[in-house]
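Down below is the structure, laid out as structure tokens.
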Amino acid sequence: MTSPIPPVRVRYAPSPTGIPHIGNIRTALFDWILARQTGGQFIVRIEDTDRSRYDAAAEKAIFESLKWLGLDWDEGPDKGGPHAPYIQSERKQMYIDAAERLVESGHAYYDDTTPEELHALRERQRAAGQPPRYDGRGRHRSPEAIEESRQNGLPITIRLKVPDHGTVSFEDSVRGKVSFELKEIDDFVILKSDQMPTYHLAHIVDDHAMGITHVIRGDEWISSTPRHLMIHKALGIEPPEYVHVPLILGKDRSKLSKRHGATSALEYRDQGYLADAIFNFLALLGWSPGDDTEVMSRDEIVRRFSIDRINDSPAIFDSEKLEWMNGVYIRNMDADQLMDQILPFMERPESEGGLPDTVARPIDRVYLKRLIPLVHERLKKLTEATETLDFFFADNVSPEASDLPGKKMDAEMTERALTAALELCKTAAPFEPEHLEAEYRALAEKLNMKPGQLFSPIRVAITGKSFAPPLFDTMSAVGQKRCIERISNAIGILRAG
RNA sequence: GGCCCCAUCGUCUAGUGGCCCAGGACACGGCCCUCUCAAGGCUGAAACAGGGGUUCAAAUCCCCUUGGGGCUACCA
């Protein structure tokens, strides 16, 4: 069903100005999938041409996100490659050369308009009810005038000459044909006064030099694509295939932002989501295989992915569905894998969601391994392990008196249940789940209670919670000694309450 | 404001003119299973934004309206 296409060269080109959010990472995901599917290359390039917004922590987070999701790259800043360097600030001269070449060929010109003049121009246009647009005044500046401004230390930029009439159009892989009127586009800056290129120039020079075949990027770039086409034309080079993918929106339909809670891949990692689940979920946000399959391995996604099945419309990030899918992935793991994943979360400090600090680290792996089957299918997120398992590790628990009675039970009946449960607990042997269950069921009958009525107070007494893993597995794992202590403690709480 | 993009259940989506009084999944309700909570099974409610065309036939094609989003920087 997927039309086989020749090997692609695709790149993820984030700017290190902030932690990449999930929508941004999804384009990297699509890049990676396509590269792996076609046997092509996935390239990472850092677009740090805005020196004022550079953030080293953001750059670190970019690579950490990719690594966590398993999106390995073939060429990049750390790995090098045939087109190194892969950091734009280190490629500065290439852009300067390209811009100057465009000036020489008459496609671009030096402009000495100051920011203040530009601002004033826009204000005037706005006041007159006109769209703010650069008026092309620099086109008429003589070389001498530019040189004089340069001598005087005025900022000089290079702008592309955009024809004032005509149409540009291109065939987008997901949108189809998109057209723009050139009269809507002004002469835009390609080389800033600090000699750094703008995004427009830089990415085109690089994509061409690096042999990029498909530019996969967010929808927000679609309106600047005509500018990119004009640069290609001026440079005399062929544009790549454009793949504009729909944006990912938050619950309120606005662009995903901090207000919507977690937005970066790393935050999801820290909240106990699995990389495979995020991978699967993200792939399905804006793409679908065409049938009802939802849970798919990486291999299956790589095999079935195709650009023409990418959706046109923006998607809202549904965290509830993500949580469900994460649960599916947890259930599909084997016990050892799950234990490895859970351990670091449980060993975090108590203040960060780990077990109480009174529980010794490292956690007893042998004991934990025994507990995994009891909670395996109950977990949706790795972070939940702490709260579902804490009572196994604690010395004691403190249930509320009001939580102890089961359905249709008063305090007297609850006390009777616990007292009898305590006696049986002292004598029960072996302290194994099946045996315990048989004994306690018999006890319920003897007490003329429903099994659930007897079990309920015991559960709360032993776990401190009204819901927990199956009672007799739990009791067996907690151990006879602690069970006796906890039940008698609960009786005390009940009497006091 | 101008330009561009988008529009199927609350959400993610299937649907590329007849197979659709629209299928799946999450979430939600009911039932079953059951010692609680899960998991699992069955089941229910829930959508083609509106209006015009084109056609024997439209969720699917065209136009308009409405709504949402993006861009409009010497940011990416």
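What you see below is based on every heavy atom in this structure, not just the backbone, and it leaves out hydrogens, waters and symmetry mates. Convention: sequence-line order gives letters A, B, ...; per-chain numbering from 1.
- With B:C37, B:U72, B:C12 as the candidates, the nucleotide lying closest to the side chain of A:L285 is B:C12.
- Between A:R141 and A:D111 no salt bridge is recorded (no basic side-chain N to carboxylate O distance below 4.0 Å).
- Distance A:D207 CG to B:A76 C1': 14 Å, rounded to the nearest Å.
- As judged by a 4.0 angstrom heavy-atom cut-off over every strand, A:S169 is placed among residues making no nucleic acid contact.
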Indicate for each nucleotide in nucleotides 15-28 of chain B, in 5' to 3' sequence, whether protein heavy atoms under 4.0 Å reach the base (B), only the sugar-phosphate (S), or nothing (-).
S-------BBBBS-
Applying side-chain hydrogen bond (donor to acceptor under 3.5 Å, both in side chains), run through A:D206 and A:Y86 and close with a yes or a no.
CA-CA 9 Å; A:D206 289 343; A:Y86 292 89; over 6 Å; no
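- Between the CG atom of A:L284 and the C1' atom of B:U11 there is a distance of 13 Å, given to the nearest Å.
- Each of B:A76, B:C74, B:U13 was ranked by its minimum atom distance to the side chain of A:P115; first place goes to B:C74.
- If you measure from atom CD1 of A:I462 to atom P of B:C37, you get 18 Å, rounded to the nearest angstrom.
- Comparing B:A73 with B:C6, their P atoms are spaced 23 Å from each other, to the whole Å.
- A:P155 comes within contact range of at least one nucleobase, with a heavy-atom separation under 4.0 Å.
- Looking at heavy-atom distances under 4.0 Å, A:A468 makes contact with a base.
- More than 12 non-hydrogen atoms from other residues, nucleotides or ligands lie less than 6.0 angstrom from CG of A:D410.
- When the C1' atom is used for both B:C33 and B:G41, the distance is 8 Å, rounded to whole Å.
- Between the side chains of A:S297 and A:E300, no donor-acceptor pair is found at a separation under 3.5 Å.
- One interatomic measurement links the two molecules: CG of A:D111 to P of B:C74, which rounds to 10 Å at whole-angstrom precision.
- With A:F279 as the fixed residue, the side chain to side chain contact (heavy atoms under 4.5 Å, CB included) test singles out one of A:I25, A:I33, A:L284, A:L274: A:I33.
- Ring orientation note: the planes of A:F30 and A:F305 are tilted relative to one another, at an angle of 30° to 60°.
- In summary, the side chains of A:Y12 and A:N24 do present a donor paired with an acceptor at a separation below 3.5 Å, with no hydrogens or angles considered.
- Set against B:U11, B:A39, B:C74, the side chain of A:S193 has B:C74 as its closest nucleotide.
- Rounded to an integer number of Å, the gap from CG of A:L201 to C1' of B:A73 is 16 Å.
- With 3.5 Å as the limit, one finds no donor-acceptor pair spanning the side chains of A:S466 and A:D403.
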How does each nucleotide of nucleotides 30-35 of chain B score, in 5' to 3' order, for protein heavy atoms under 4.0 Å: base (B), sugar-phosphate only (S), or none (-)?
-----B
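- Under the Watson-Crick or G-U wobble criterion, with both distances below 3.5 Å, B:C20 has no partner in any strand shown.
- Across all strands shown, A:R133 has no heavy atoms under 4.0 Å from either base or sugar-phosphate atoms.
- For A:L118 and A:S466, each mapped to the nucleotide of RNA chain B holding its nearest heavy atom, the one lying further toward the 5' end belongs to A:S466.
- Aromatic pair A:Y268/A:F317: centroids less than 6.0 angstrom apart.
- Rounded to the nearest Å, the gap between the C1' atom of B:A59 and that of B:C48 is 4 Å.
- Backbone-only engagement by A:G286 is indicated by non-hydrogen atom pairs under 4.0 Å involving sugar-phosphate atoms exclusively.
- Between the C1' atoms of B:G23 and B:A14, the separation comes to 6 Å (whole Å).
- Residue-level contact check: A:P16 touches neither bases nor backbone, having no heavy atom under 4.0 Å from any strand.
- No contact: A:T388 has no heavy atom under 4.0 Å from any strand.
- Between A:D187 and the choices A:R139, A:R227, A:R159, the salt bridge (charged side-chain N to carboxylate O under 4.0 Å, His left out) rule is met once, by A:R139.
- Taking CG of A:L229 as the start and CD1 of A:I204 as the end, the distance is 8.0 Å to the nearest 0.5 Å.
- Between A:H228 and A:Y199, the two ring planes are perpendicular [angle over 60°; tilted spans 30° to 60°].
- In this structure, A:R378 and A:T114 both approach RNA chain B, and ranking their closest nucleotides by distance from the 5' end singles out A:R378.
- Under the 6.0 Å distance and 45° angle rule, A:R150 counts as a cation-pi partner of A:Y110.
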Each nucleotide N or O in nucleotides 3-6 of chain B that has a protein N or O under 3.5 Å away: list the pair and distance.
residue, atom, partner, partner atom, Å
B:C5, O2', A:R175, NH1, 3.1

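- More than 12 heavy atoms of other residues, nucleotides or ligands shown are found within 6.0 angstrom of NZ on A:K465.
- Across all strands, A:D186 comes closer than 4.0 Å to no nucleic acid atom at all (heavy-atom distances).
- Under the salt bridge (Lys or Arg N to Asp or Glu O under 4.0 Å) criterion, A:D194 pairs with A:R51, sequence neighbours left out.
- Within the 4.0 angstrom heavy-atom criterion, only backbone atoms of the sugar-phosphate kind lie near A:R331; the bases stay farther away.
- Classification of A:K177 and A:D172 as a salt-bridged pair fails, no side-chain N sitting under 4.0 Å from a carboxylate O.
- Across all strands shown, B:G1 forms a Watson-Crick or G-U wobble pair, both distances under 3.5 Å, with B:U72.
- The OH-P distance, from A:Y12 to B:A76, rounds to 16 Å in whole Å.
- Shown here, B:U60 forms no base pair; nothing in the strands shown gives a Watson-Crick or G-U wobble contact with both key distances under 3.5 Å.
- For A:W221, the side-chain atoms get nearest to B:A76 when compared with the rest of B:A73, B:C37, B:A76.
- One can place NE2 of A:H200 at 9 Å from P of B:C74, the figure rounded to the nearest angstrom.
- A:E445 has no carboxylate O lying under 4.0 Å from a charged side-chain N of A:R441, or vice versa, which leaves the two without a salt bridge.
- Going from the P atom of B:C12 to that of B:A49 covers 14 Å, rounded to whole Å.
- When rounded to the nearest whole Å, the span between CE of A:M325 and C1' of B:U11 equals 13 Å.
- Judged as a side chain to side chain contact (heavy atoms under 4.5 Å, CB included), and not counting sequence neighbours, the contacts of A:A444 are A:L454.
- At least one side-chain nitrogen or oxygen of A:T49 sits closer than 4.0 Å to the OP1 or OP2 atom of B:A76.
- Shown here, B:C9 forms no base pair; nothing in the strands shown gives a Watson-Crick or G-U wobble contact with both key distances under 3.5 Å.
- With both ends at atom C1', the span from B:A58 to B:G15 equals 13 Å, rounded to whole Å.
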Going 5' to 3' through nucleotides 42-49 of chain B, assign each nucleotide B (protein heavy atom under 4.0 Å from a base atom), S (under 4.0 Å only from sugar-phosphate atoms) or - (no protein heavy atom that close).
--------
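- Of the nucleotides present, B:G41 is the one that pairs with B:C31 by Watson-Crick or G-U wobble criteria, both distances under 3.5 Å.
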